[in-house]
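The structure under discussion appears below in the form of structure tokens.
Please read these numbers as outputs of a predicted model, since none were measured by experiment. The residues of the chain are indexed from 1 along the displayed sequence.
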Amino acid sequence: FGMVFIECMACGTPTIGAKSGGPTEFVTDDLGVLIEEEADWREEAGAKRLGARLAEEVTKALKEDWKGKSKGLNCVPFVRENYSTMAQCETMLDNMKGWSSSAPATPPGGFTISDGRKVRVLADEAGIANAVCEEFVAAAKAAIAAKGSFSVAIPGGSVVAALAKVPAGAVDASKVHVFFCNERLGEGKCYKGAMKNLVEPLGIPSSQVYRVPDGSPEEAASKYEALLKSMPPHIVSADYNGMPSVDLVLLGTGEDGHVGSLHPNKAEIKSAGSGKAILPINEGGKTSVAVSLDFLCAAKRVVLTAAKASRAPMVLRALRSGSGCYDCPASMVCAPETTWLVDKDSIGMYASKKVFDPPVAQLNSYWDIPGMKAGVITGDLCWALLRFAKAKGFAIPAVNCTSTSTVNAVLEAGKALNRPVIIQFSEGGSAFFAGKSLPNNAKQASTLGAVAGATYTRAVAPAYGIPVIVHSDHCAKKLLPWFDGMLNIDEAHYAKYGEPLFSSHMLDLSEEPHEENIGICAKYLERMAKVDLILEMEIGITGGVEDGVDNSGVSNDKLYSTPHEVWQVYETLAPISEKFTIAAAFGNVHGVYKPGNVVLRPELLGVFQRYAGKILQGKMPLNFVFHGGSGSEKEKIDEARSYGVVKMNVDTDTQWAYWEGIRD
């Protein structure tokens with residue numbers, strides 16, 4: 001009947017019908033009338049009464065001239081605005097924009113981010129409190145069914161208060177063992193809150209409530225850790241590092257991202273990876289103990305809560321995958337099962353930003369990445385491709401180009417292999433692209449050439465049918481005017497088109513003191529993050545000569561980065577953006593060299609990954625770039641790829657092949 005009604009209204013005729021036979025969503029009082037049927041309308045008497053009422057409305061419509069004087073005047077505009085060909089096309093176009101956007105709206109019930117953390121979205125703080133009880137009951141029942149006991153570590157505050165709503169008899173209280181995430185020594189607030197809201201209402205035996213002992217912070221922490229480690233394994237087991245592993249940890253979160261007593265950038269969160277389960281805390285004479293990040297990540301399941309709009313910036317930061325760090329301890333919590341309970345207000349910024357975080361490890365092809373396309377890619381889509389490369393153990397080749405013909409050669413190779421490629425421009429190559437006769441005292445010719453190369457690549461890349469990353473190569477401190485010029489163009493391009501001109505840029509400040517290198521990179525990454533650019537930075541020194549920088553005479557020890565140096569880069573940049581890669585030195589040398597002249601040690605990349613992974617409680621959290629790859633042995637390349645290399649420069653080999661093609 002819907003189409004019949006619309007056709008009538010398109011002619012300016014009001015609609016009159018039975019309510020069950022007419023779409024109530026658009027037959028409103030200003031367009032017509034729908035008659036409510038009585039219960040017996042299918043029987044003869046009821047049908048007659050319905051018919052009589054319909055006849056009354058038709059008579060009334062004719063007498064009052066609904067078509068010419070009232071309701072009919074609204075019908076044609078309504079159909080034109082909602083059901084005309086133009087309106088339907090506009091609706092389809094709006095739908096297509098939504099389908100092609102980089103990320104869907106946050107599902108109302110929840111979602112899973114790419115690192116496996118789950119997010120449940122509740123209506124409000126009360127909904128979160130109910131969900132805390134649901135998580136508690138579900139975890140308790142599962143653990144008791146599996147091994148006859150259930151161990152839980154709880155904080156104080158709103159989380160333990162929420163547990164007062166756990167229904168009596170919901171779990172077998174005789175099998176529940178209660179520990180504490182933190183406790184102020186001498187006060188016992190968390191213990192008292194647990195007794196009031198959980199232990200006594202459920203009837204949990206007091207002997208199975210493990211109170212933090214008195215004493216100095218060091219004594220209390222040592223005793224409580226010993227207690228946890230002494231528990232029978234069916235109550236508290238141990239992970240592969242010997243860390244006590246309870247069945248469930250419940251945590252609240254602060255607006256600053258603190259969890260328990262682990263506060264941003266404090267010594268306690270920076271002890272991550274130390275192997276300690278319980279930490280002593282003494283701040284301004286206030287003494288307490290708290291569980292460590294190591295303990296949290298060793299738990300079988302962790303549930304974190306975050307309510308209200310005041311926590312929205314923290315939630316956005318914490319849920320950014322692949323960038324957990326000291327600035328937001330909540331971002332570092334990653335147990336085997338980690339669930340966030342948020343409400344519509346606290347998830348608001350995350351939802352409005354439309355965070356694009358596809359589970360790339362589960363995809364079979366880079367073409368399966370939502371929104372992947374032929375041509376130049378930037379921002380989240382580009383980062384997803386690099387993450388896919390890491391997950392699948394391959395590196396994307398990056399080739400320095402100096403002309404349209406070299407760009408075409410790389411694109412042609414990518415098309416032939418059906419593989420993504422990286423077109424990159426060095427400062428000298430960019431100047432050549434623009435023309436060596438142009439003045440370049442302020443790197444204006446280099447900027448012009450790089451922009452011209454990126455623009456040309458954007459124009460032709462879609463025709464080759466593969467994703468393409470456009471990148472600028474080594475930029476030493478003396479070349480920063482070139483970098484600034486490209487970044488200015490990126491910002492203008494972003495303001496006009498919603499994406500930068502380039503996909504990424506490299507800063508090579510490895511000649512500078514390490515702290516200065518990282519500091520300048522951080523300053524630029526803050527600016528780049530605003531326009532969805534990826535930063536590649538270099539530490540240590542790549543030997544040989546590259547773009548006017550001569551490192552051929554450096555001592556061999558400078559050719560190898562250290563784990564702490566690499567970690568310093570991550571620690572500084574991760575709070576700003578996840579979109580950065582590290583060109584760490586592991587014996588790399590630019591150019592082609594005889595076997596044996598250079599000792600590549602790709603195993604160092606594995607050392608760097610393990611060092612960072614121990615702190616972050618994750619596997620291979622770093623993204624590396626392999627410089628000086630030309631002439632490297634295949635086994636060395638394969639080993640480097642296995643340690644998280646996502647980009648590999650093959651400049652000299654490709655220059656030689658290009659020259660050979662001309663010569664022959």
Side-chain angles (χ1 to χ4, degrees), residues 317 320 322-323 325 327 376 378-380 382-383 386 398 400 422 424-430 442-444 446-451 453-454 469-495 498-542 546-549 561 565-585 622-625 627 646-647 649:
R317 166 68 186 97
R320 179 153 49 86
S323 60
C325 206
D327 67 301
V376 173
T378 63
D380 290 338
C382 182
W383 188 245
L386 294 175
N400 284 71
I422 299 175
Q424 61 187 23
F425 300 96
S426 67
E427 186 270 333
S430 296
K443 302 304 174 187
Q444 63 269 42
S446 296
T447 300
L448 177 61
V451 170
I469 296 172
V470 179
H471 178 73
S472 67
D473 203 13
H474 294 264
C475 178
K477 188 175 182 180
K478 64 184 180 182
L479 303 180
L480 284 177
W482 172 55
F483 197 95
D484 291 331
M486 292 185 293
L487 194 48
N488 289 337
I489 296 296
D490 279 316
E491 289 169 337
H493 197 275
Y494 186 90
E499 66 172 350
L501 176 66
F502 291 82
S503 310
S504 54
H505 295 293
M506 180 190 181
L507 284 172
D508 179 1
L509 306 172
S510 55
E511 289 185 304
E512 313 308 320
H514 186 59
E515 289 73 19
E516 182 181 357
N517 178 0
I518 297 175
I520 294 175
C521 286
K523 177 182 176 182
Y524 273 102
L525 184 58
E526 287 179 354
R527 185 177 169 188
M528 294 169 70
K530 295 175 183 178
V531 291
D532 289 340
L533 280 165
I534 298 168
L535 171 68
E536 177 187 332
M537 67 86 65
E538 180 167 332
I539 56 172
I541 290 179
T542 300
E546 172 81 1
D547 213 25
V549 177
S561 301
E565 289 173 339
V566 176
W567 172 251
Q568 284 180 301
V569 174
Y570 181 92
E571 179 185 358
T572 304
L573 300 186
I576 302 170
S577 172
E578 74 279 15
K579 295 183 179 71
F580 67 93
T581 59
I582 304 173
L622 307 173
N623 299 287
F624 289 122
V625 174
H627 278 233
V646 298
K647 171 180 178 277
N649 291 8

* **Results of salt bridge (charged side-chain N to carboxylate O under 4.0 Å, His left out) for Asp327 - residues two or more places apart only** =>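 Per chain and number, Asp327 pairs via salt bridge (charged side-chain N to carboxylate O under 4.0 Å, His left out) with Arg317.
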
* To do: Give the intermediate values and the outcome of side chain to side chain contact (heavy atoms under 4.5 Å, CB included) for residues Asn623 and Trp383.
  => CA-CA 11 Å; Asn623 299 287; Trp383 188 245; 3.7 Å; yes

So which heavy atom on [X] is nearest to which on [Y], and how close?
X      : Y      : result
Arg320 : Pro575 : NH2-O, 3.1 Å
Leu573 : Cys521 : CD2-C, 4.1 Å
Ala450 : Trp482 : CB-NE1, 3.8 Å
Ser323 : Glu578 : CB-CB, 3.7 Å
Glu526 : Lys530 : O-CG, 3.5 Å

Less than 4.5 Å apart, side chain to side chain, heavy atoms only: is that true for [X] and [Y]?
X      : Y      : result
His627 : Asp473 : yes
Ser503 : His471 : no
Ile469 : Lys647 : no
Tyr524 : Leu533 : no
Phe502 : Val531 : no
Met537 : Ile520 : no
Val566 : Phe624 : yes
Leu487 : Met528 : yes

[X] side, atom [atom1]; [Y] side, atom [atom2] - distance, nearest 0.5 Å:
X      : Y      : atom1 : atom2 : value
Lys477 : Leu509 : NZ    : CG    : 8.0 Å
Ile534 : Leu525 : CD1   : CG    : 10.5 Å
Ser504 : Ile422 : OG    : CD1   : 6.5 Å
Ile576 : Cys325 : CD1   : SG    : 10.5 Å
Leu507 : His474 : CG    : NE2   : 11.5 Å

[Y] backbone acceptor or donor facing [X] side chain under 3.5 Å:
X      : Y      : result
His493 : Glu499 : yes
Asp532 : Thr378 : no
Asp508 : Ala476 : no
Ser472 : Phe425 : no
Ser430 : Thr447 : no
Ser446 : Glu427 : yes

* Asked: Which is it for His514 and Gln568 under the side chain to side chain donor-acceptor pair (under 3.5 Å) test, yes or no, and what are the steps along the way?
  -> CA-CA 9 Å; His514 186 59; Gln568 284 180 301; 3.1 Å; yes

* To do: Would you sort out whether His505 and Asp490 count as a side chain to side chain contact (heavy atoms under 4.5 Å, CB included), showing the intermediate values?
  => CA-CA 11 Å; His505 295 293; Asp490 279 316; 2.5 Å; yes

* Mind checking whether Trp567 and Tyr570 have parallel, tilted or perpendicular rings, split at 30° and 60°? ->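 If you compare the ring of Trp567 with that of Tyr570, the planes turn out parallel.
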
* **Test side chain to side chain contact (heavy atoms under 4.5 Å, CB included) applied to Asp380 and Lys579, step by step** => CA-CA 9 Å; Asp380 290 338; Lys579 295 183 179 71; 2.8 Å; yes

* For the pair Glu491 and Arg527, find out whether any cationic side-chain nitrogen is under 4.0 Å from an anionic carboxylate oxygen. =>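 A salt bridge is present here (some side-chain N lies under 4.0 Å from a carboxylate O).
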
